[in-house]
Amino acid sequence: MTVKAFIFDLDGVLTDTAEFHFIAWQATAHHLGLEFTREDNEALKGVDRVGSLQLILDKGKLTVSEEQFEQLLADKNKHYLELINDINPGNLFPGVLDCFAVLKAKGIKIGLASASKNAAFVVDKLGIADLFDFIGDAASVANSKPAPDIFLSVAQGLGLAPEDCLGVEDAVAGVSAIKAAAMYAVGIGEKSVLTQADIVFPTTGEMDVQQLLS
Ligand code: G6P
Ligand code: MG
């Protein structure tokens with residue numbers, strides 16, 4: 001395989017916004033009188049906003065009106081936006097800029113495949129928007145992760161076949177999406193959690209780009 005592009009997830013791969021999503025969803029759950037642990041949160045990682053709330057409600061065997069559902073989504077996003085208000089380039093995970101520099105030097109394209117509707121705002125705050133050759137739009141794909149849609153749309157945006165692309169994800173749903181897109185899947189996190197990944201590194205900074213390209 002000759003890799004022509006690295007397609008990155010955002011939250012939990014390039015920056016620690018996954019933690020802010022967790023804090024905001026935990027507040028939502030507590031508001032509903034439900035417990036919400038880090039372990040519960042693993043199932044939400046990479047899952048879009050509506051799907052995430054549905055998972056919380058399902059786990060608590062709760063149903064709410066359509067209106068309440070919309071309100072809970074709006075409140076969660078408001079809380080999340082407050083939490084990320086002060087993020088800046090210093091919030092990038094260590095090694096991300098070095099990794100991008102190596103990829104650029106080798107002529108490898110860089111894509112972003114985030115399920116977050118806040119992705120454009122976040123990459124702007126992180127000061128990395130200009131480094132991407134293509135940024136996927138979560139709002140414009142039909143099916144969210146674990147469906148392959150966002151990864152396929154980014155490959156298309158880069159003008160490449162999926163087989164030429166490698167995906168990087170911290171979420172179970174995200175790794176499934178990469179594999180469903182027929183791409184090589186790099187997991188960031190724990191091997192015991194990201195069982196579908198082709199290779200797993202504990203952190204993005206520890207990702208061995210040379211090894212992945214050889
Ligand atoms: C990412 C995160 C999820 C989050 C989703 C939607 O995939 O991993 O935790 O729920 O984006 O984010 P949004 O900012 O649109 O609510
Ligand atoms: Mg993620």
Side-chain angles (χ1 to χ4, degrees), residues 6-29 36-59 69-85 87 91-93 96 111-126 128 135-151 153-154 166-181 183 185-190 193-194 196-197 200-205 207:
F6 272 44
I7 302 179
F8 294 91
D9 170 48
L10 174 64
D11 302 309
V13 168
L14 301 181
T15 181
D16 201 13
T17 37
E19 181 66 15
F20 298 130
H21 279 294
F22 167 64
I23 293 168
W25 282 129
Q26 190 178 51
T28 304
F36 188 74
T37 63
R38 278 183 189 277
E39 206 187 344
D40 296 329
N41 188 55
E42 285 303 320
L44 268 68
K45 282 187 182 172
V47 175
D48 69 4
R49 204 178 301 170
V50 169
S52 297
L53 178 56
Q54 197 55 57
L55 284 173
I56 291 173
L57 293 171
D58 289 349
K59 192 175 167 277
F69 196 94
E70 289 306 320
Q71 191 59 54
L72 288 165
L73 292 180
D75 291 347
K76 186 271 174 177
N77 197 50
K78 185 167 172 278
H79 187 185
Y80 176 67
L81 288 175
E82 282 163 13
L83 293 170
I84 64 168
N85 190 47
I87 65 165
N91 287 88
L92 275 172
F93 278 143
V96 169
L112 186 76
S114 172
S116 173
K117 299 202 167 100
N118 296 303
F121 176 70
V122 172
V123 292
D124 200 44
K125 284 231 168 213
L126 294 172
I128 55 170
I135 294 181
D137 176 17
S140 73
V141 297
N143 307 296
S144 52
K145 299 171 188 177
D149 302 30
I150 186 85
F151 281 96
S153 78
V154 175
L166 170 159
V168 189
E169 266 285 356
D170 67 313
V172 174
V175 170
S176 298
I178 297 172
K179 293 316 297 174
M183 295 178 187
V186 177
I188 302 296
E190 285 177 42
V193 176
L194 305 173
Q196 262 194 290
V200 177
F201 297 98
T203 66
T204 308
M207 195 169 70

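We use all heavy atoms of the structure for the numbers below, so side chains are in, but hydrogens, waters and symmetry mates are not. Bear in mind that the values here come from a model prediction, so they are computed numbers and not experimental data. Every number for a ligand or one of its atoms is a count from 1 in the order of the listing.
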query = Does D48 reach the main-chain N or O of G51 with its side chain, forming a donor-acceptor pair under 3.5 Å?
reply =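 Yes; at least one donor-acceptor contact below 3.5 Å.
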ask   = Atom CG of D16 and atom CZ of F22: how far apart are they, to the nearest 0.5 Å?
value =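 Result: 11.5 Å between the selected atoms.
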Protein heavy-atom partner closest to [atom] - residue, atom, separation in Å:
atom                    : answer
atom 2 (C) of ligand 1  : D11 OD2, 3.4 Å
atom 9 (O) of ligand 1  : H21 CG, 3.6 Å
atom 10 (O) of ligand 1 : V47 O, 2.9 Å
atom 15 (O) of ligand 1 : K117 N, 2.7 Å
atom 8 (O) of ligand 1  : G46 N, 3.0 Å

I84 vs K125, side chain to side chain contact (heavy atoms under 4.5 Å, CB included): CA-CA, chis, key distance, verdict = CA-CA 9 Å; I84 64 168; K125 284 231 168 213; over 6 Å; no
request  = Please indicate whether any nitrogen or oxygen in S116 is less than 3.5 Å from any nitrogen or oxygen in ligand 1.
outcome  =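 For ligand 1, there is an N or O atom that lies under 3.5 Å from one belonging to S116.
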query = Less than 3.5 Å between some nitrogen or oxygen of R49 and one of ligand 1, yes or no?
reply =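 Between R49 and ligand 1, an N or O pair is found under 3.5 Å apart.
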ask   = Between V47 and A173, which heavy-atom pair has the shortest distance, and what is it?
value =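 It is CG2-CB, 4.1 Å.
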key: Closest approach to the Mg ion (ligand 2) by D9, given as the N, O or S atom name   =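 Output for this pair reads OD2.
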inquiry  = Which atom name would you report as the N, O or S atom of D11 nearest the Mg ion (ligand 2)?
reply    =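 The nearest such atom is O.
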request  = Applying side chain to side chain contact (heavy atoms under 4.5 Å, CB included), run through F93 and V13 and close with a yes or a no.
outcome  = CA-CA 8 Å; F93 278 143; V13 168; 5.8 Å; no
query = With a 4.0 Å cut-off on heavy atoms, is S52 touching ligand 1?
reply =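 In this structure, S52 qualifies as a contact of ligand 1 - some heavy atom is under 4.0 Å.
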task = Begin with the C-alpha distance, continue with both residues' side-chain angles, and end with the deciding distance and a verdict on salt bridge (Lys or Arg N to Asp or Glu O under 4.0 Å) for K78 and E82.
result = CA-CA 6 Å; K78 185 167 172 278; E82 282 163 13; 3.4 Å; yes
message = Heavy atom to atom 6 (C) of ligand 1, shortest distance: which of S114, A173, A115 holds it?
response =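 Heavy atom nearest to atom 6 (C) of ligand 1 belongs to A115.
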ask   = Under 2.8 Å from the Mg ion (ligand 2), is there an N/O/S atom belonging to D170?
value =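 Yes.
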inquiry  = Testing D40, L55, L53 one by one against W25 for a side chain to side chain contact (heavy atoms under 4.5 Å, CB included), which residue passes?
reply    =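 Among the candidates, only L53 passes.
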N118: numbered ligand 1 atoms lying under 4.0 Å from its heavy atoms =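 Going through ligand 1 atom by atom, the ones under 4.0 Å from N118 are 13 (P), 14 (O).
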key: Verdict with supporting geometry, F8 and I128, side chain to side chain contact (heavy atoms under 4.5 Å, CB included)   = CA-CA 12 Å; F8 294 91; I128 55 170; over 6 Å; no
L14 and L112: CA distance, side-chain angles, deciding distance, side chain to side chain contact (heavy atoms under 4.5 Å, CB included) verdict = CA-CA 10 Å; L14 301 181; L112 186 76; 3.9 Å; yes
